[in-house]
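Have a look at the structure below, then the notes.
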Amino acid sequence: MSAGRGAVTPRPHLMASGTSMCPGCGGLQVVKQIYEHLGRDVVFVNAAGCLTLLAPYPTTPFQSSWIYTSMASAPAGAQGLVDAIEVLRSKGRISGRRRIHVVVLTGDGAANGIGLSSTSGALDRRLDFYYLCYDNEGYGNTGHQTSPATPEGARTSTDALGPGCSQPKKDLFSIWAAHEPSYLATVIGAEPQDLARKVERARGCQGPKMFIALAPCPTGWGFDPKDAGRIGHLAVSTGVWALRERVDGKTVHTKIPRPRRLVEDYLRAQKRFQHLFSPVRRDDVIQRIQARITDAWEDWFRGQPTRPRA
Amino acid sequence: MIAGSEGSQRSQRSERRLLTGNQAAAWGARLGGVDYVPAFPITPQTEIIEALAAWFDDGSLMGRLTMFESEHSMMTAAGTAAAAGARTFTATSSQGLLYSLEMMYAVAGWRVPFVMVNVSRGLASPITLESDHNDVLAARDTGFLQIHCATAQEVLDAVLIAFRWSEDRRVRLPVIVNQDGFSLSFTREPVDIPNEDAVRAFLPTRGDLDETLSGPSPQSLGVAVLDGSTYSYFRYQMERAAQGALPVLLDIEKEFESMTGRRFLPIDEYRMHDAEMAIVVVGSLGTQAMVAVDEMRAEGVRVGLVRPRVLRPFPRNALALTLGRMRGVAVVDQDLSPGFGGILHGEIAAALYARPEPRPSLTSYIGGLGGRFVSVTEFKRIVDETVVASITGHVPPPRLLFTDEEARSIRMLQQIADDAPQYELGAPFASGLEGDRA
Ligand SMILES: Cc1ncc(C[n+]2csc(CCOP(=O)(O)OP(=O)(O)O)c2C)c(N)n1
Ligand code: SF4
Ligand SMILES: [Mg+2]
């Protein structure tokens, strides 16, 4: 799928560099890309997380507005904002020339747990907004504890010693999909063309526009910041991170890795999974993780009218 | 409906109606020309948002009411909508206020103006629907200003004043208008509904649309600071704005008086001109206290009533001035800070301590928890004890009001529950009084 000619006009350098995020931060990368596609007419509504420190007083990397709410209620903050803008417009108290994009920005911890109720409320009310969840698979800002998005086998600072996280990753995509938002997609900073096309498509939708971005996190996952892009590509090529899009009740994969690499390549590259390889190789766990990925893809292929080749 | 179709002559007059405290609150928001109401139901507040929802639906009000999934969300949306320039009103009670508490601190720090009516209800556990002030006092330190009402009229007036107060550039803090559940929220009283045109002159459309959230401008709200000095600076700003809000209220109150003929001073004094003894209460308990004051006055006791209408900012100087010249002051708290006692008592003591000696003898009573009735007999007994304290100089320990009749009925409940009594009755736990529910 290629981006339509002229459809994507990113404005590079809209976002200033030199933030206090860690080098190689996958969350920052995706925010930067989405912001450059949406342009300046944006209000970010942020929940507690690493990216809260993008805009500490008195600085901001954005040429747009930013409001920090709480860990739980950024979507509700977006609702108040959108409601107010619409009411004031209808009363002629603000001029209505430009469309302001209200963009909720939260981590996976906020999205999967404490903020799920306010997200569900906003989706249920069909709020016209964007939601970007940057998923670094842990409570990053507090030192990378296990979150509902932490994958099976990953070590975190609350699963530091034993077999790592014992639960598979919570399926936020399906939870959000059950609300049938106007637009829903998974993205990753390492696939900028795919991301660009998705943002462009979402722009045309009225209602909730939901994005989950896998956000490789050098600090929490344990890899060299210079490998951030490689980790992102491995996540896609091993099928760990499926790039999907859901519109009108139908989910499609926007990139099908052929052939899929073994998940082992992805796991090996990160310190959080090292305990699966040494001192003893945990084939049982590695196989379980591989099987889960294979099954998910097979399930999806089975549901297709013409079975794509894997 | 007021004004409108009935012609301009009528439109200049106010209209008198029987309204519950909740309806009066809704009328306040309506007359105030509210743009936006984020809402979530809770007894005994729900009637307020139902009335507003109906008015948005039938076109009496232009704007929007959005039902949220929690008070935490509701409070967040109130903050962002107010930040975007909408005149915003909301209402809650009890568990709802506590559920939103994180955001109450946050939005007060955003320095956004809006009005919230809290209908006071005791907090779990145990669960109750009836009134006391622990809910609203949990918001005491949030940065919200607080007005406490004793009548339905006061509720309506307070909402109008609160919009002006909150939106004043010198203040820019959200305001809670508090009323007691049941005794006020569900009690119908005659209320003077001011004329809409007059209200519009007193409270024009919000003209302070905030640029902050307009999109293409690099401004932020509610962000992190990186050190204690910066943090302190912003907190001090709030403190100065809150302290400075008292003289602002006095300005607004003058205008309000010329519109309605009604005063709205930070403290309401009843028969205090020549008083030697004062009762201090907050909210609609004041109505009962007034009856007691009248009866005691008839018996020759020079007692009066002081009812702070505004608790934040705390009218410290005015209270110290009025109460400082008393021989005895009895504070009846409709709240309880376990391990401390009456919250209001502590604050009154702080106000009085700033005065030179001699200071009045200050007694403390806890009453009216969970809607418990405080009888005229109890108020009299309270004043009697305070008179004795002022003569002997010996101030009794804080007393938890409980009659012998109540003690007997709780023993019965305990028998049914097969529950052993944890405390022997007797002072200070029981008052030694028989019940008096007249
Ligand atoms: C109500 C509340 N509880 C806890 C915190 C502490 N806290 C701040 S950030 C954070 C982790 C957020 O995790 P996530 O949403 O995944 O974002 P990340 O930090 O990974 O970017 C926590 C627990 C908070 N700010 N508010
Ligand atoms: S901890 Fe991870 S997500 Fe947080 S700023 Fe650093 S790299 Fe980014
Ligand atoms: Mg996270």
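Quick note on labels: first sequence line is chain A, next is B, and so on, each numbered from 1.
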Residue part contacting chain B, namely of A:Ser90, when any heavy atom lies under 4.5 Å: neither
Residue pair A:Glu86 / B:Arg64: nearest heavy atoms and the distance that separates them: OE1-NH2, 2.8 Å
Minimum-distance pair of heavy atoms, taken over all atoms of B:Ser220 and A:Ala55: OG-CB, 4.2 Å
Minimum-distance pair of heavy atoms, taken over all atoms of B:Ala224 and A:Leu53: CB-CD2, 4.0 Å
Whether over 12 other heavy atoms sit under 6.0 Å from B:Arg200 CZ: yes
Winner by heavy-atom pair count (cut-off under 4.5 Å) against chain A, out of B:Gly222, B:Ala78, B:Ser70: B:Gly222
Region of A:Gln63 in contact with chain B, defined by heavy-atom distances below 4.5 Å: backbone
Residue selection (most heavy-atom pairs with chain B, distance under 4.5 Å) from A:Ala72, A:Ser120, A:Pro75, A:Gly77: A:Gly77
Chain A contacts, top residue of B:Arg87, B:Met103, B:Met75 (heavy-atom pairs, under 4.5 Å): B:Met103
Distance-minimising heavy-atom pair for B:Asp35 and A:Lys91: OD1-NZ, 2.7 Å
Exam field: side chain A:Ser64 to backbone B:Pro216, donor-acceptor pair closer than 3.5 Å: no
Option in A:Gly121, A:Ala122, A:Ser118 with maximal non-hydrogen atom pairs under 4.5 Å from chain B: A:Ser118
Nearest atoms (heavy-atom pairs only) where B:Ala106 meets A:Thr69: CB-O, 4.4 Å
Heavy-atom donor-acceptor pair, A:Arg125 side chain to B:Met67 backbone, under 3.5 Å: yes
Toward chain B, the part of A:Leu54 with a non-hydrogen atom under 4.5 Å: neither
For B:Thr76 against A:Ser73, the heavy-atom pair lying closest together: OG1-OG, 2.7 Å
